[in-house]
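Predicted model, so just to flag it, every value in this text is computed and none were measured. Within every chain, numbering begins at 1; the chains are lettered A, B, ... in the order of the sequence lines, protein sequences first and strands thereafter.
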Amino acid sequence: MVTSETSRLRFAPSPTGYLHVGNARAALFNWLEARRAGGQMLLRVEDTDRERSSSELVENILASLRWLGLDWDGDIVFQADNLDVHREAALSLLGQGRAYWCDCTGEQVQARAKERGGPPGYDNHCRERGLTQSDGTALRFRTPDDGVTSFFDLVRGEVSFENKTIEDFVLLRSTGLPMFLLSNAFDDAAMGITHVVRGEDHVPGTPKYLLLRDALGLGRPEVFAHLPMLVNEGRQKLSKRKDAVSVADFAAQGYLPEAMVNYLVLLGWGPKDGIEIRPLAEFVELFRLEDVTPSPAFFDVKKLQHINAEYLRALPVAEFLERARPFLSGPEVEAVLAPIAALIQERVRLLTEIEPMVAFLLDGPLVEDDASWDKAMVKGKNASEMLDATIAGLVDLDQWVAEPIRAAIEVAAISVGLVNAEGQAQLSKAQGPVRVAITGRSVGPPLFESLEALGQTRTLNRLRAARARL
RNA sequence: GCCCCCAUCGUCUAGCGGCCUAGGACACCGGCCUUUCACGCCGGCAGCACGGGUUCGAAUCCCGUUGGGGGUGCCA
């Protein structure tokens with residue numbers, strides 16, 4: 001057994017699915033505590049379910065962890081490598097009378113439970129039958145008939161279970177392969193894990209874990225911390241099947257890893273000073289497992305988006321472009337984005353929103369938004385006059401930069417009567433038809449800078465095309 | 001059914017017996033700024049599930065009720 005004076009934590013994902021935000025949060029809380037305490041953050045892949053595990057999923061999980069910036073110490077432990085050791089440990093229990101062979105099938109167990117009308121679950125049917133190993137026999141752990149198993153949980157305090165309510169669970173499947181609880185409990189001990197930090201769904205399994213470790217003479221971890229579940233709108237545990245929660249998907253949607261991590265820290269915990277958006281290093285300083293709240297938290301994409309937008313805006317422009325690049329369809333998009341990147345940066349929440357916002361600067365069919373056209377060109381006042389005046393004002397403009405363009409449009413607005421009581425141009429109204437003619441939409445980056453970026457020829461072409469359509 | 005857990009604004013949280021007339025953030029609603037949008041600024045709406053205790057004093061401690069969740073696999 002590994003012994004250590006420093007704390008040792010682990011994230012132990014099962015590669016039976018991609019890494020979802022709930023897993024990521026568990027990994028993060030382990031990581032925060034390990035880094036805060038100067039302990040070890042270990043990674044163990046729980047691949048004892050050969051049927052459902054796959055190397056692609058292992059890769060997905062590792063890639064997501066790397067993307068999040070959650071590093072780990074030492075080599076990754078693959079549980080499948082230790083299966084023989086786990087099996088031997090389980091078999092050693094046989095001699096002590098702490099385990100026995102059982103030949104009941106799942107159907108039989110269920111049928112008997114239904115028949116007696118009692119609670120579902122195993123009824124200790126084979127406990128005293130003295131079966132020997134044969135085809136179809138599974139090894140079950142004999143749980144005590146009395147007494148209490150309890151443990152201290154940093155999040156929930158003292159939690160205890162009456163042993164008589166704990167069923168005789170399976171240690172080895174009839175195929176001889178170890179079950180989760182066996183491998184999990186054994187490897188935690190083997191790796192010298194001091195802090196078991198995982199989801200609340202593991203609470204009911206904890207007494208079994210403890211009973212098993214006691215029987216195996218493996219000692220107990222110092223503390224447990226069962227984190228509150230992450231739930232959906234229906235307040236149900238997040239499900240990979242029903243909820244869109246893959247970390248890789250969030251990455252693909254244009255979320256920044258630092259924003260995702262920052263948001264995740266806030267689920268089930270909060271800094272006392274109320275400052276929610278801050279560098280990871282500060283969270284490492286402030287985070288305490290004992291301050292984690294015990295109640296479930298709703299994963300709110302709206303807030304995630306807000307935090308992402310904050311991080312996006314805080315980026316130096318050069319880095320913003322750097323981060324945007326993988327989300328642009330080609331170098332030509334980057335070329336048109338670069339000059340107005342600062343203007344785009346404060347208008348997007350996701351990296352995937354960038355390209356649609358600069359698409360009007362590219363050649364090709366303009367995306368026409370009917371509602372925008374209707375609003376500016378049909379319902380808006382003086383649209384055709386405004387377009388005519390704008391064309392007239394811009395056609396001979398010598399300096400094609402924002403300020404002279406603004407001045408010309410201002411003159412055009414005044415000429416068609418779009419003025420306020422003081423006779424000043426009402427640019428907010430005047431820019432409507434021009435914007436829609438140029439970009440096809442009623443919202444977008446600042447107009448004059450957009451025209452400058454588009455160039456005189458293309459601006460005039462689009463204005464004339466729109467005018468012709470009226 | 002049985003076991004376990006949970007309960008502060010719509011949401012995430014601060015609060016750990018007096019500092020609470022319950023604070024912040026997101027969302028939402030007004031307003032300001034303004035070339036649209038966005039940003040920013042100002043303001044608003046909105047919460048201690050309920051009932052009993054304990055205490056001079058309870059969002060904070062205890063009990064119960066109600067409500068919600070998790071587990072109950074030869075999945076992890």
S.K.: Within the distance-only criterion (no hydrogens, no angle test), does the side chain of Tyr18(A) pair as donor or acceptor with the backbone N or O of Val245(A) below 3.5 angstrom?
M.R.: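 Absent.
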S.K.: Which nucleotide in the list C6(B), C4(B), U35(B) gets nearest to the side chain of Phe448(A)?
M.R.: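 So the nucleotide nearest the side chain must be U35(B).
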S.K.: Can you check whether Arg50(A) has a side-chain N or O nearer than 4.0 Å to OP1 or OP2 of C75(B)?
M.R.: no
S.K.: I want to verify a distance call: between A76(B), U72(B), C74(B), whose nearest atom is closest to the Val170(A) side chain?
M.R.: C74(B)
S.K.: Enumerate donor-acceptor pairs with a distance under 3.5 Å from any side-chain N or O in residues 284-294 of chain A to protein atoms, sequence neighbours excluded.
M.R.:
{"residue": "Arg288(A)", "atom": "NH1", "partner": "Glu285(A)", "partner atom": "O", "Å": "3.0"}
{"residue": "Thr293(A)", "atom": "OG1", "partner": "Gly268(A)", "partner atom": "O", "Å": "3.2"}

S.K.: Among the nucleotides C5(B), U36(B), A76(B), which one has an atom lying closest to any side-chain atom of Gln431(A)?
M.R.: U36(B)
S.K.: Rounding to an integer number of angstrom, what distance separates G52(B) and C45(B) when you compare their P atoms?
M.R.: 30 Å
S.K.: Please give the distance between the P atoms of G53(B) and C42(B) as a whole number of Å.
M.R.: 46 Å
S.K.: Measuring only the P atom in each nucleotide, how far is G24(B) from A58(B)? A whole number of Å is fine.
M.R.: 25 Å
S.K.: Look at the side chain of Ser174(A) against the base of C74(B) and say whether a donor-acceptor pair falls under 3.5 Å; ignore hydrogens and angles.
M.R.: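 Indeed there is one.
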S.K.: What nucleotide among C16(B), A76(B), U35(B) has an atom nearest to a side-chain atom of Asp291(A)?
M.R.: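 Closest of the options to the side chain of Asp291(A): C16(B).
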S.K.: Would you state whether a donor and an acceptor, one from the side chain of Arg156(A) and one from the base of C5(B), lie under 3.5 Å apart?
M.R.: no
S.K.: Cut-off 3.5 Å, side chains only: do Gln236(A) and Asn232(A) have a donor facing an acceptor?
M.R.: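 No donor-acceptor contact under 3.5 Å links the two side chains.
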S.K.: Counting any heavy atom closer than 4.0 Å, what does Thr16(A) reach on the DNA or RNA strands: base, sugar-phosphate only, or nothing?
M.R.: nothing
S.K.: Would you measure the distance from the C1' atom in A14(B) across to the matching atom in A25(B) and give it in whole Å?
M.R.: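 Taking atom C1' in both A14(B) and A25(B), they lie 11 Å apart.
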S.K.: Given A76(B), is OP1 or OP2 found less than 4.0 Å from the side-chain N or O atoms of Arg173(A)?
M.R.: yes
S.K.: Measure the distance from CZ on Phe298(A) to C1' on C12(B) and round it to the nearest whole Å.
M.R.: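 Rounding to the nearest Å, CZ of Phe298(A) and C1' of C12(B) are 10 Å apart.
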S.K.: In terms of side-chain heavy atoms of Glu449(A), which of C75(B), U35(B), U11(B) is nearest?
M.R.: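 Within the option list, the nearest is U35(B).
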S.K.: Consider only side-chain N and O atoms of Thr137(A) and Asp103(A), and report whether a donor and an acceptor are under 3.5 Å apart.
M.R.: no
S.K.: Which nucleotide sits closest to the side chain of Phe161(A): G15(B), C4(B), G70(B)?
M.R.: C4(B)
S.K.: Could you tell me whether Phe169(A) and Tyr122(A) have their ring centroids closer than 6.0 angstrom?
M.R.: no
S.K.: What about Arg347(A), does its side chain sit under 3.5 Å from the base of U36(B) through a donor-acceptor pair?
M.R.: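 In this structure, the two groups form a donor-acceptor pair.
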S.K.: Using a cut-off of 4.0 Å between protein heavy atoms and nucleotide atoms, how would you tag nucleotides 24-32 of chain B 5' to 3' with B, S and -?
M.R.: BBS------
S.K.: I would like to know whether Phe180(A) and His202(A) meet ring pair (Phe, Tyr, Trp, His ring centres under 6.0 Å); could you show each step before the answer?
M.R.: CA-CA 12 Å; Phe180(A) 160 74; His202(A) 288 286; 5.8 Å; yes
S.K.: Consider the side chain of Ala297(A), meaning its heavy atoms from C-beta on, and name the nucleotide among U72(B), U13(B), U35(B) that approaches it most closely.
M.R.: U13(B)
S.K.: Whether Lys164(A) contacts C2(B) is assessed here as follows: a side-chain N or O lying under 4.0 Å from the phosphate OP1 or OP2. Is that the case?
M.R.: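 Checking C2(B) against Lys164(A), no side-chain N or O comes under 4.0 Å of OP1 or OP2.
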S.K.: Indicate, with a heavy-atom threshold strictly under 4.0 Å, whether Glu353(A) touches base, sugar-phosphate, or nothing.
M.R.: nothing
S.K.: Would you call the rings of Phe151(A) and His226(A) parallel, tilted or perpendicular, where under 30° means parallel and over 60° means perpendicular?
M.R.: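 Perpendicular: the ring planes of Phe151(A) and His226(A) meet at over 60°.
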S.K.: Counting side-chain heavy atoms from C-beta on, which of A76(B), U35(B), G71(B) comes nearest to Ser428(A)?
M.R.: U35(B)
S.K.: Between Thr175(A) and C74(B), is there a contact of a side-chain N or O with OP1 or OP2 at under 4.0 Å?
M.R.: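 Thr175(A) to C74(B) OP1/OP2: no side-chain N or O under 4.0 Å.
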S.K.: Base, sugar-phosphate alone, or nothing: which one does Arg313(A) contact when heavy atoms must sit under 4.0 Å apart?
M.R.: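 The answer is sugar-phosphate, as Arg313(A) gets under 4.0 Å only of primed atoms, P, OP1 or OP2.
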S.K.: Could you check whether Gly432(A) gets within reach of a base, just the sugar-phosphate, or nothing at all, counting any heavy atom under 4.0 Å?
M.R.: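 Nothing, no nucleic acid heavy atom in range.
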